[in-house]
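Atoms considered below: every heavy atom in the structure, side chains included; atoms not considered: hydrogens, waters and symmetry mates. Because the structure is predicted, anything quoted here is derived from the model rather than measured.
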Amino acid sequence: MKVTETPPAVPAPRSPVTKANIPQEGPAKSGEGTVLNVFSHGVLIIWAVLVVMPLLWAVMSSFKTDDSILSTPWELPDRLHFENWSRAWNQAHMSDYFFNTILVVGGSLVGTLLLGSMAAYVLARFDFPGNRFIYFLFIGGMSFPIILALVPLFFVMNNMGLLNSVHGLILVYIAYSLPFTVFFLTSFFRTLPTSIAEAAMLDGASHTRTFFQVMLPMAKPGLISVGIFNFLGQWNQYMLPTVLNTDPDGKVLSQGLVELATSQGYKGDWSGLFAGLVMAMLPVLAAYVVFQRQVVAGLTAGALK
């Protein structure tokens, strides 16, 4: 009996893999991303309106008369009343407050950046006993509420003869801003390349020259970022000068604005009050607009390593 062998089955040819055969998950993810983008942009637009509208209203009110501010607060001024600004600058002594504030904030900002960068560079680049302990002391200073130190600080300043003085207020501002400055710049100095500092040392540069001529210029984005934050905090500082600076001739801008609000509120000079408020805002807005890119670069530099 003859047995007929069955030929082996030939496998069916596979169809070529194309984009049509691959399950598409893109539309669902794309739809989710679109919804998320629309939601996030909507939140940002609402936040921008809530922030910008009061600023624009204050600027607009500074060029209006008192009657138009009270009767038609949302209408544009009939003309630009620049006499409101001159009245606030001269009669309300805003010029004196500006000069005192620039003197105090300028000196404290330079001292804060200089001392803070030096301390941060040592903590970031050198290992020595107590390094972490000193670093955490600075971090602990950030969490210490300044209101608890006002009474002992007042007596210390009084015993040292620094009350109602510009240099005394500068020293207090520097001590107040150092913890955040050291914390910020320590993380920034750790992201800088070590090879450049080592090359400078091999060329015969001292530690001081390496810091000031090599490392400090490389830390310019971080210095600008922390400088802007310190400028905002020191420019708007009210509690410290109120307790430590009671001299009427040496008041800073925050004290002057409170006095202006009190006096102009009784007089009914609302246009002069808004003019003084806009004067106090302009330096802060100008500083942020000019150094906006440097602030973003300094904040994101630590995440790029």
Side-chain angles (χ1 to χ4, degrees), residues 88-120 134 136-185 223 226-267 272-273 275-284 287:
W89 184 260
N90 297 319
Q91 298 180 11
H93 306 290
M94 290 295 294
S95 57
D96 298 333
Y97 302 146
F98 253 94
F99 176 76
N100 295 333
T101 305
I102 291 174
L103 192 62
V104 172
V105 174
S108 60
L109 195 61
V110 172
T112 301
L113 293 180
L114 179 62
L115 298 177
S117 60
M118 294 171 67
I134 298 175
F136 286 119
L137 277 181
F138 280 107
I139 295 179
M142 296 172 55
S143 61
F144 187 80
I146 192 62
I147 192 172
L148 296 180
L150 287 178
V151 175
L153 183 60
F154 176 85
F155 286 105
V156 170
M157 297 284 290
N158 188 27
N159 294 333
M160 298 178 64
L162 296 177
L163 281 180
N164 301 325
S165 63
V166 173
H167 53 280
L169 202 57
I170 289 176
L171 292 177
V172 173
Y173 276 22
I174 292 176
Y176 171 77
S177 305
L178 268 181
F180 173 74
T181 304
V182 173
F183 169 74
F184 186 94
L185 291 180
L223 291 174
V226 75
I228 291 295
F229 289 126
N230 285 327
F231 174 76
L232 295 177
Q234 295 174 5
W235 186 269
N236 298 322
Q237 182 61 241
Y238 174 71
M239 187 178 302
L240 289 175
T242 300
V243 176
L244 305 175
N245 184 32
T246 57
D247 184 11
D249 297 331
K251 287 185 177 181
V252 295
L253 194 58
S254 56
Q255 295 174 286
L257 281 177
V258 174
E259 185 174 345
L260 178 63
T262 304
S263 61
Q264 304 296 56
Y266 286 111
K267 295 178 182 178
L273 177 60
L277 179 63
V278 175
M279 288 180 188
M281 292 190 306
L282 286 180
V284 178

More than 12 heavy atoms from other groups under 6.0 Å of [atom1] on [X]:
X    : atom1 : value
L148 : CG    : yes
M142 : CE    : yes
F155 : CZ    : no
M239 : CE    : no

Between N164 and T246, is any side-chain donor less than 3.5 angstrom from a side-chain acceptor?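 Per modelled atom types, N164 and T246 side chains form a pair under 3.5 Å.
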Drop me the distance from [X]'s [atom1] to [Y]'s [atom2], to the nearest 0.5 angstrom.
X    : Y    : atom1 : atom2 : answer
Y97  : I102 : OH    : CD1   : 15.0 Å
L113 : L109 : CG    : CG    : 4.5 Å
I146 : L153 : CD1   : CG    : 6.5 Å
L257 : M281 : CG    : CE    : 10.0 Å
H93  : N100 : NE2   : CG    : 12.0 Å
Q255 : N245 : CD    : CG    : 5.0 Å

Please list, one pair per line, the donor and acceptor atoms closer than 3.5 Å that link side chains of residues 171-178 to other protein atoms, with sequence neighbours excluded.
{"from": "S177", "atom 1": "OG", "to": "Y173", "atom 2": "O", "distance (Å)": "3.0"}
{"from": "S177", "atom 1": "OG", "to": "Q234", "atom 2": "NE2", "distance (Å)": "2.8"}

Can you check side-chain contact (heavy atoms from CB on, under 4.5 Å) on V104 and T101, steps first, answer last? CA-CA 5 Å; V104 172; T101 305; over 6 Å; no
Parallel, tilted or perpendicular: which describes the rings of F184 and F180, with under 30° parallel and over 60° perpendicular?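 Tilted.
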Shortest non-hydrogen contact from [X] to [Y]?
X    : Y    : value
A88  : A275 : CB-CB, 4.2 Å
G276 : L260 : CA-CD2, 4.1 Å
A120 : L185 : CB-CB, 3.5 Å
V182 : A119 : CG2-CB, 4.1 Å

side-chain contact (heavy atoms from CB on, under 4.5 Å) between L163 and F154, worked out: CA-CA 8 Å; L163 281 180; F154 176 85; 3.6 Å; yes
What do the steps show when you test V252 against Q237 for side-chain contact (heavy atoms from CB on, under 4.5 Å), and what is the final call? CA-CA 9 Å; V252 295; Q237 182 61 241; over 6 Å; no
Quick one: are [X] and [Y] in side-chain contact, heavy atoms under 4.5 Å?
X    : Y    : answer
M279 : L253 : no
I139 : F136 : yes
L232 : V284 : yes
S254 : N236 : no
V105 : N230 : no

For W235, which residues count as a ring pair (Phe, Tyr, Trp, His ring centres under 6.0 Å) partner, sequence neighbours excluded?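 Per chain and number, W235 pairs via ring pair (Phe, Tyr, Trp, His ring centres under 6.0 Å) with F98, F231.
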Between L223 and S117, is a side-chain contact (heavy atoms from CB on, under 4.5 Å) present by the stated rule, with each step listed? CA-CA 8 Å; L223 291 174; S117 60; 4.1 Å; yes
Backbone N or O of N90 within a donor-acceptor pair of the S95 side chain at under 3.5 Å?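 Not at all, since once roles are kept as given, no pair shorter than 3.5 Å links the two residues.
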